[in-house]
Amino acid sequence: MKLLQELFANGILSESRVEDLEKEIKKTGKTEEVLILEQKIISENALFELKSKIYGIPLKSVKPEEVPADVLELIPEEAGTNYKMAALSKGENFVQIGMVYPEDISAQNALRFLANQEKFNYQIYLITLSALNNLLKQRKSIGAETKKALEELSKEKGEILDALSNDSLNKNSKTEKITEDAPVIKMVQVLLRHAIEGRASDIHIEPGRKNLVVRFRQNGILRPSLFLPLKVHPSIVARIKILAGLKIDENRVPQDGRFSVKINGMDIDFRVATFPTLYGEKVELRVLDPSTGSKSFEDLGLKGRNLEVVKIAIKKPFGMILFTGPTGSGKTTTQYAILRILNQDSVNVVTLEDPIEYSIDGINQSQVKPEIGYNFAQGLRQILRQDPNIIMVGEIRDDETASLAVNAALTGHIVLSTLHTNSSVGVVARLMDMGVKPFLIPSTLRVVISQRLVRTLCPQCKIKIRPSEKVKNYILERAKSIPAQSRSEAKVPDPLYIYTAKGCEDCGFTGYSGRAGLFEVLSISEEISELILKNPMENLIFKTAQKQGMITMEQAGIIKVLEGLTTIEEVARVTEEK
């Protein structure tokens, strides 16, 4: 705490105030600089002049508009944000690097790695937090990322950008011809390839007032990735429409489609959805990596008591298995994992989806089309005439679909579907609200799986730490509340330690790599069946389920924290959404 001690030595802070601030730093995890500025103890300039004196590193004043775009690109945006540093200028022999925390060893290591990778020597200068934030904002406002991405995949520097920026792109009569040109094809390939290499689940192409923004959703978090000139928008959209078999000249109404391309030797499917906005059509591409649809229960993070309950349920000859959770929580992937086990030559598996996410050999998959009256209810009626053994219905949205699904389960079919509720126990009340008779629920419902996705820590750079007293108590309290049947899964080390995110080249300096599920699995036991018939209150069902060993979403998260797979912050983020 060198800054606080220096302020004490200069008579600016009392000894007791220093002790209070040190406790606050340990409690919140904030840096000395941030806390001093938040509490307005001294000005930012005075603070960093003091820091410059302490560490012997010159403080540099920076005007963001004077830093060239190619210089800013030397430090990747993720590294700049995480390690609080930016390139300031480039000379013949070295690059000037501005750092807010030059004393940070991890930041020094990251800078050394980048310098070796990009082959430059550097000199370090101290910059203020405000200067860094202004530099990062300046970087977001330029199209340098695009040029760099294009140059990585094409040796013809500038050719693609120049061709795409041609005014003729705005002429509808020439759009289709232009989308067949190599520059356009290469540009779309750049976007798709970067998404796959960055392990993105979605690509958002969004026209704005001044430019075209491309954002990737990585590990569930949406981040800006590329900034393109707005003039390239019509040609990129047209090229994607051609790939997906959509109408090129229709931009007034939304359209849906899909296509498949080979990237890095893999066949990857993309689901496309267009949407008219103020500045043009927004395009959303969902990356449908076949490997995702073929994950096992263990890959998804389903294990222990939860895994045993699910395995018992899918061995039953009939009944409903329902899934609940928000959009993007992995429900479909878990359903496909179950279907892969149930998919045998001796059974007829039929699905009704909106849309079809993954193509699975041996399964008859059908997509609903509400615009022609082919909805879930209508489709389910037709499925029952196809002599099915196992049925997957994308979602139970209305009373009619709920009634048909319950009747299908009652008459000897295994039915998988999703329902929108906040928790597993909320499914019972939701079915009743949709007109399902209470006495039918225990006879048909086998298990309810509620889930969320948490980002998993990068195994290459995660750091073992001792938690604060507050976090320690939080973990111990939740671990003790885990049902006795599942307590062996929550192994609490003594002394207690957990892991936190750091960031490295392997994870794009985010600290996280991949995602895993948190599951809350409700098994419909005899005791719960009686409650449904006599007094189906959610809190009573919940308490009974916990007595019988059900692990809550939060408890499942604590187990993964203790296993070193994720962080307390991630668990709090997804369970608070519940």
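Below, all heavy atoms of this structure are taken into account, side chains as well, without hydrogens, waters or symmetry copies. In what follows, residues are counted from 1 in the order of the sequence shown. The structure presented is a predicted model; accordingly, all values stated were derived computationally and were not measured.
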From [X] [atom1] over to [Y] [atom2], what is the distance, rounded to the nearest 0.5 angstrom?
X      : Y      : atom1 : atom2 : result
Leu522 : Ser423 : CG    : OG    : 9.0 Å
Gln378 : Thr401 : CD    : OG1   : 10.5 Å
Gln335 : Phe323 : CD    : CZ    : 5.0 Å
Glu308 : Phe297 : CD    : CZ    : 11.0 Å

Say whether, by atom type as modelled, one donor and one acceptor occur between the side chain of [X] and the main chain of [Y] under 3.5 angstrom.
X      : Y      : value
Asn364 : Val349 : yes
Thr274 : Glu281 : no
Asn389 : Asn348 : yes
Arg466 : Leu496 : yes
Glu250 : Arg252 : yes
Asn343 : Asp361 : yes
Thr324 : Leu419 : yes

Under 3.5 Å side-chain donor-acceptor pair for [X] and [Y]:
X      : Y      : result
Thr575 : Glu554 : no
Gln548 : Ser523 : no
Ser481 : Gln555 : yes

Pairing residues for Asp20 by the side chain to side chain donor-acceptor pair (under 3.5 Å) criterion, not counting sequence neighbours: none

Take Glu78 and Arg223 through the salt bridge (Lys or Arg N to Asp or Glu O under 4.0 Å) test and state the conclusion after the steps. CA-CA 10 Å; Glu78 289 286 354; Arg223 293 188 176 91; 3.3 Å; yes

Are Lys30 and Glu38 close enough, and set up right, to give a salt bridge (Lys or Arg N to Asp or Glu O under 4.0 Å), and what steps lead you there? CA-CA 10 Å; Lys30 294 177 180 178; Glu38 282 183 352; 2.9 Å; yes

Given Glu357 and Arg271, is the salt bridge (Lys or Arg N to Asp or Glu O under 4.0 Å) satisfied, shown in steps? CA-CA 8 Å; Glu357 295 276 356; Arg271 192 182 78 210; 2.8 Å; yes

Close side-chain approach of Pro438 to Met432, heavy-atom, < 4.5 Å: yes

Salt bridge (Lys or Arg N to Asp or Glu O under 4.0 Å) for Glu570 and Arg573? Distances and angles first, verdict last. CA-CA 5 Å; Glu570 269 297 290; Arg573 180 178 68 86; 2.8 Å; yes

